[in-house]
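A quick note: this is a predicted structure, and the numbers were derived from the prediction, not measured. Counting starts at 1 for both ligands and their atoms, following the listed order.
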Amino acid sequence: MKPTKILFVCLGNICRSPSAAGVMKKLATGLPLEIQSAGTAGYHIGELPDPRTRSHARKRGYELVSRAQQFDPARHFEQFDRIIAMDANNLSDLKAMDREKKYHHKLSLMTDYCESIEVGGVPDPYYSGPEGFERVLDILEDACAGLLKDLENSLPSPLRGRRPLR
Ligand code: 4NP
């Protein structure tokens, strides 16, 4: 079966979007999803996630080992089925790269999937203290649960309603 391909996008691809990918991969174990992350900027290409991001994630059971890549409009708009921005700036940067609006239907904002936490974007934790990194994970765990439900509704019917392995 063809997997649904999801790309999470933030600015640097070393804090929020790799965390989103880690949370989603764990939550959706066993479902036909292919999950990656990218940044709109290229400052950190090739790097592991920020050590603070990795350490906070590890405490919740997420081992983040991705390497930062920059969002490439020439490839990624076609390659992914859903491109999910962490905040409004990331979303508007993605929209600006899709001048003909050919891929706007693939774009969404991560926090629109939140079920409990009301927030208009995943705040950039880069210049924050430990509480900023914890807050990112709280928001992402909530949003990923909502995203999973949304995806299950668009999966082929035999997989619908099936509980992912945990
Ligand atoms: P991210 O956080 O977009 O969640 O990966 C940031 C990481 C690095 C920088 C900004 C935000 N930076 O300016 O280097």
Side-chain angles (χ1 to χ4, degrees), residues 4-29 33-99 103-104 106-148 150-151:
T4 300
K5 296 182 181 178
I6 302 172
L7 184 67
F8 295 106
V9 177
C10 61
L11 176 62
N13 194 210
I14 54 166
C15 296
R16 293 164 293 171
S17 63
S19 302
V23 171
M24 196 62 197
K25 277 182 190 167
K26 189 165 183 195
L27 192 63
T29 305
L33 301 180
E34 206 176 289
I35 298 166
Q36 282 188 37
S37 66
T40 55
Y43 323 126
H44 298 284
I45 291 172
E47 293 177 20
L48 281 168
D50 184 283
R52 298 164 296 171
T53 290
R54 297 188 77 205
S55 118
H56 284 273
R58 190 176 298 119
K59 279 192 242 153
R60 297 194 192 199
Y62 310 110
E63 202 58 49
L64 306 183
V65 293
S66 58
R67 295 282 174 171
Q69 62 174 338
Q70 186 169 17
F71 182 82
D72 179 359
R75 294 185 294 123
H76 291 145
F77 279 132
E78 274 299 329
Q79 190 183 335
F80 289 91
D81 303 302
R82 291 186 182 225
I83 298 168
I84 304 178
M86 294 298 114
D87 68 24
N89 286 334
N90 310 143
L91 185 60
S92 68
D93 288 344
L94 288 167
K95 284 183 174 168
M97 286 186 255
D98 176 28
R99 263 187 246 132
Y103 304 102
H104 273 37
K106 296 186 176 188
L107 300 176
S108 60
L109 184 64
M110 187 63 174
T111 46
D112 285 348
Y113 299 104
C114 278
E115 299 186 304
S116 312
I117 300 176
E118 274 193 46
V119 64
V122 185
D124 182 350
Y126 197 65
Y127 296 104
S128 77
E131 71 293 340
F133 289 84
E134 287 299 314
R135 174 79 173 154
V136 165
L137 289 168
D138 289 342
I139 295 169
L140 291 177
E141 286 178 339
D142 186 31
C144 283
L147 174 61
L148 182 65
D150 190 72
L151 288 165

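- A donor-acceptor pair under 3.5 Å is absent between the side-chain atoms of Asp87 and the main chain of Pro123, judged by distance alone.
- Seen from the ring of Tyr126, Arg52 counts as a face-on cation partner, given the 6.0 Å and 45° thresholds.
- Distance check, rounded to the nearest 0.5 Å: CG of Leu147 to CD1 of Ile6 gives 5.5 Å.
- No close placement of the Phe71 and Phe8 rings is indicated, their centers lying 6.0 Å or farther apart.
- Ligand 1 places these atoms under 4.0 Å from at least one heavy atom of Gly12: 1 (P), 3 (O), 5 (O).
- A salt bridge links Arg58 with Glu63: the distance from a Lys NZ or Arg NE/NH1/NH2 to an Asp or Glu carboxylate oxygen falls below 4.0 Å.
- The nearest heavy-atom contact from the protein to atom 14 (O) of ligand 1 is His44 NE2, 2.7 Å.
- A heavy-atom separation below 4.0 Å is not found between Met86 and ligand 1.
- Distance from atom 13 (O) of ligand 1 to its nearest protein heavy atom, with residue and atom name: Tyr43 CE1, 3.8 Å.
- Ranking the protein heavy atoms by distance from atom 6 (C) of ligand 1 puts Asp124 OD1, 3.7 Å first.
- Using a 4.0 Å cut-off to heavy atoms of Asn13, the atoms of ligand 1 that qualify are 5 (O).
- Looking at Arg16, its side chain does come within 3.5 Å of a backbone N or O of Val122 through a donor-acceptor pair.
- The protein heavy-atom contact nearest to atom 1 (P) of ligand 1 is Cys10 SG, 3.5 Å.
- Figure legend: Lys26 and Tyr62 shown as a cation-pi pair, the cationic atom lying under 6.0 angstrom from the six-membered ring centre and within 45 degrees of its axis.
- Below 3.5 Å of separation, one finds no N or O of Pro125 facing any N or O of ligand 1.
- Remark: ligand 1 atoms within the under-4.0 Å shell around heavy atoms of Cys15 are 1 (P), 2 (O), 4 (O), 5 (O).
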